[in-house]
Every structure is written in C-alpha cells, then in structure tokens.
Amino acid sequence: MTTPSPSLALLKRDLGLSLARGGGPVLAAGFYLTLMAMVPLSLGPEAQTLSKIAPGLTWLCLALASLLSLERLFERDYEDGVFDLLRTGPLALEWVAFLKCLAQWLGTGLILSLMTPVVMILLGAPVGLAGWALVAALIGSFSFALIGGAGASLTLGSRKGGVLIALLVLPFYVPPVIFGAGLMQAFVTGAPVFQALSLLCAYGLFALALGPIAMGAALRSALN
C-alpha cells in the first residue's frame with residue numbers, strides 16, 4: 001500500500017471536512033435555492049420578466065451562497081494549531097491555502113455550479129444556454145473560492161469574521177458577476193459571447209495568480 005502524497009492527503013482531509021462541516025453543501029445549496037425562490041416570488045410570476053432577470057439573478061445568488069462556508073475555511077485549523085504543524089511540513093503555506101480553497105470549492109462551489117444552469121432554465125432562460133452557463137459558473141465559483149479564501153485569511157482570528165469577510169470580498173465578487181451575467185445576456189441576445197468569456201477567464205487567472213500569494217502572506221502574519 002502506497003502512502004498518498006502530502007498534497008493529496010491534505011486535499012482529501014479538507015474535502016471530507018468541507019462535506020461534513022455544518023451541513024456543508026446541503027446548507028449552501030439550500031441557501032442558494034431559497035434566494036432563487038424568494039426573489040422571483042417578490043417580483044411576480046410573469047415568465048417574460050423572470051427570463052430577463054434569470055442570468056443576473058442566478059449569478060448574484062451564486063456569489064452570496066459562495067460566502068457561506070468561508071468563515072470556517074481556515075478558522076478551525078488555526079484554533080486547533082493545525083497550521084503550526086503544516087507550517088513545519090513540506091508544503092508551502094501558499095500551496096496549503098490553495099488546496100484548502102480547492103477542497104472547499106469541490107465540496108460546495110462545484111455543486112452550486114452544477115445547479116446554476118438548471119435553476120436558470122427553470123426561471124425561463126433558453127435550454128441552449130445550459131452549456132455556457134455551466135462553464136461560466138465553474139470559472140466564476142472557483143474565482144469566488146480563491147478571492148474568498150484571501151478574505152478569510154486576512155480576517156483570521158478576528159471577531160465577527162464572517163461579516164468582515166463579506167465586506168472585504170463582495171467588492172471583488174462584482175467583476176465575475178458582471179462578466180458571467182453579461183455572457184448569459186450576450187447568448188440570449190445573439191451577441192458574441194467570447195468577449196465576456198475572455199474577461200471571466202482573465203479574472204479567474206487573476207484570482208489563481210494572486211489568491212494563494214495573498215493567503216500565504218496573511219497566514220504567516222496570523223501565525224506570527
């Protein structure tokens with residue numbers, strides 16, 4: 001029997017914790033569906049109105065649901081001293097933070113992304129939109145996880161961290177929401193979708209490049 005690499009072992013551990021903590025994906029999916037149900041109910045049942053707002057509304061709810069598990073992303077390991085052990089291990093803190101965000105995304109963001117095209121179609125969006133909606137949601141939700149991880153690391157150890165995380169990261173959630181909803185609107189109106197998709201991919205690369213660096217620096221500061 002071979003021993004899993006430290007990266008794989010950490011990813012499996014955090015994925016298990018992500019699925020088990022406080023309801024995990026069930027809580028996020030329930031929150032997402034509740035938001036999606038409340039807003040249309042408040043606006044009325046007109047199908048034409050719902051189909052128009054479906055792309056933007058879905059992306060807004062996806063961003064808000066992605067915030068739910070961020071407070072617990074690093075907090076418990078920080079309080080239990082796990083980060084002190086990880087710091088002395090073979091993995092850089094930047095890579096540790098990235099793996100934790102990846103596990104959180106696999107446990108929550110991936111499920112929310114799979115739900116996005118279904119919910120969008122139920123609100124009246126064209127069925128042909130499903131493929132683009134899924135691709136955009138996967139890129140956007142992974143960006144949310146990395147930017148959210150940076151916010152969670154910056155508020156580590158502070159009181160009311162959940163509120164602070166929301167205040168810190170929500171402004172950075174605006175670009176992917178605009179690009180993602182813009183991509184959906186472009187498809188509906190027959191305009192080229194590649195410009196919005198390119199911007200969304202560029203933002204994803206930005207989050208991938210800077211997120212782990214910011215998280216590593218913030219974790220070192222908190223541990224010191």
Side-chain angles (χ1 to χ4, degrees), residues 18-19 22-71 101 104-148 151 162 165-167 169-204 207:
S18 175
L19 294 173
V26 176
L27 180 62
F31 182 74
Y32 182 60
L33 292 175
T34 302
L35 282 177
M36 294 299 302
M38 286 176 63
V39 179
L41 286 174
S42 67
L43 293 176
E46 291 82 6
Q48 189 174 3
T49 302
L50 294 179
S51 64
K52 284 183 178 177
I53 66 171
L57 178 62
T58 307
W59 270 86
L60 177 61
C61 294
L62 177 63
L64 293 177
S66 299
L67 287 171
L68 281 185
S69 58
L70 291 178
E71 187 177 3
C101 289
Q104 190 263 350
W105 178 76
L106 289 172
T108 302
L110 179 60
I111 295 171
L112 294 177
S113 300
L114 294 174
M115 292 170 58
T116 295
V118 178
V119 173
M120 207 176 287
I121 291 170
L122 289 176
L123 287 175
V127 177
L129 186 65
W132 288 111
L134 178 59
V135 172
L138 289 171
I139 299 170
S141 61
F142 194 56
S143 304
F144 292 153
L146 291 170
I147 296 298
I165 293 171
L167 290 175
V169 305
L170 275 178
F172 293 96
Y173 279 14
V174 172
V177 170
I178 293 174
F179 301 149
L183 191 154
M184 301 298 105
Q185 291 291 358
F187 179 88
V188 172
T189 59
V193 300
F194 292 103
Q195 183 178 4
L197 181 62
S198 300
L199 291 171
L200 187 60
C201 290
Y203 189 85

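- Taking each heavy atom of Phe144 and Ser66 in turn, the nearest pair found is CD1-OG, 3.6 Å.
- A distance of 4.5 Å separates CG of Leu123 from CE of Met36, quoted to the nearest 0.5 Å.
- For the residue pair Gly151 and Val169, the shortest heavy atom distance occurs at CA-CG1, 3.7 Å.
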Next on the checklist: One pair to check against side chain to side chain contact (heavy atoms under 4.5 Å, CB included): Thr116 and Leu134. What are the steps and the verdict?
Outcome noted: CA-CA 7 Å; Thr116 295; Leu134 178 59; over 6 Å; no

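- The minimum heavy-atom distance linking Ala186 with Pro192 is given by the pair CB-O, 3.7 Å.
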Item to check | CA sep, side-chain torsions, deciding dist, call: Val119, Leu33, side chain to side chain contact (heavy atoms under 4.5 Å, CB included) | outcome: CA-CA 8 Å; Val119 173; Leu33 292 175; 4.0 Å; yes

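- In the displayed structure, Phe172 atom CZ is contacted under 6.0 Å by at most 12 heavy atoms of other residues, nucleotides or ligands.
- With rounding to the nearest 0.5 angstrom, the CG atom of Leu62 is 8.5 Å from the CE atom of Met120.
- Distance check, rounded to the nearest 0.5 Å: CG of Leu112 to CG of Leu64 gives 11.0 Å.
- Across every non-hydrogen atom of Ala65 and Tyr32, the tightest pair is CB-CB, 4.0 Å.
- When side chains are defined from C-beta on, Pro117 does not count as touching Leu129, because their heavy atoms never get closer than 4.5 Å.
- Taken from CG in Leu122 to CE in Met115, the straight-line distance is 10.0 Å, to the nearest 0.5 Å.
- Counting only heavy atoms from C-beta outward, the side chains of Leu200 and Val135 never approach each other to under 4.5 Å.
- With a 4.5 Å cut-off on side-chain heavy atoms, Leu138 and Leu114 do not count as touching.
- Annotation: side chain of Leu199 is not in contact with side chain of Ile178 (no heavy-atom distance under 4.5 Å).
- In this structure, the side chains of Pro126 and Val188 come closer than 4.5 Å at one or more pairs of heavy atoms.
- When all heavy atoms of Ser141 and Ser113 are compared, the closest pair comes out as OG-OG, 2.8 Å.
- Applying the ring-ring contact (aromatic ring centres under 6.0 Å, His included) test to Trp105 and every residue at least two apart in sequence or in another chain returns Phe142.
- Counting heavy atoms from C-beta on, the side chains of Gln104 and Leu70 come closer than 4.5 Å.
- Leu60 places none of its side-chain heavy atoms less than 4.5 Å from the side chain of Tyr173.
- The shortest heavy-atom contact between Phe179 and Ala196 is O-CB, 3.7 Å.
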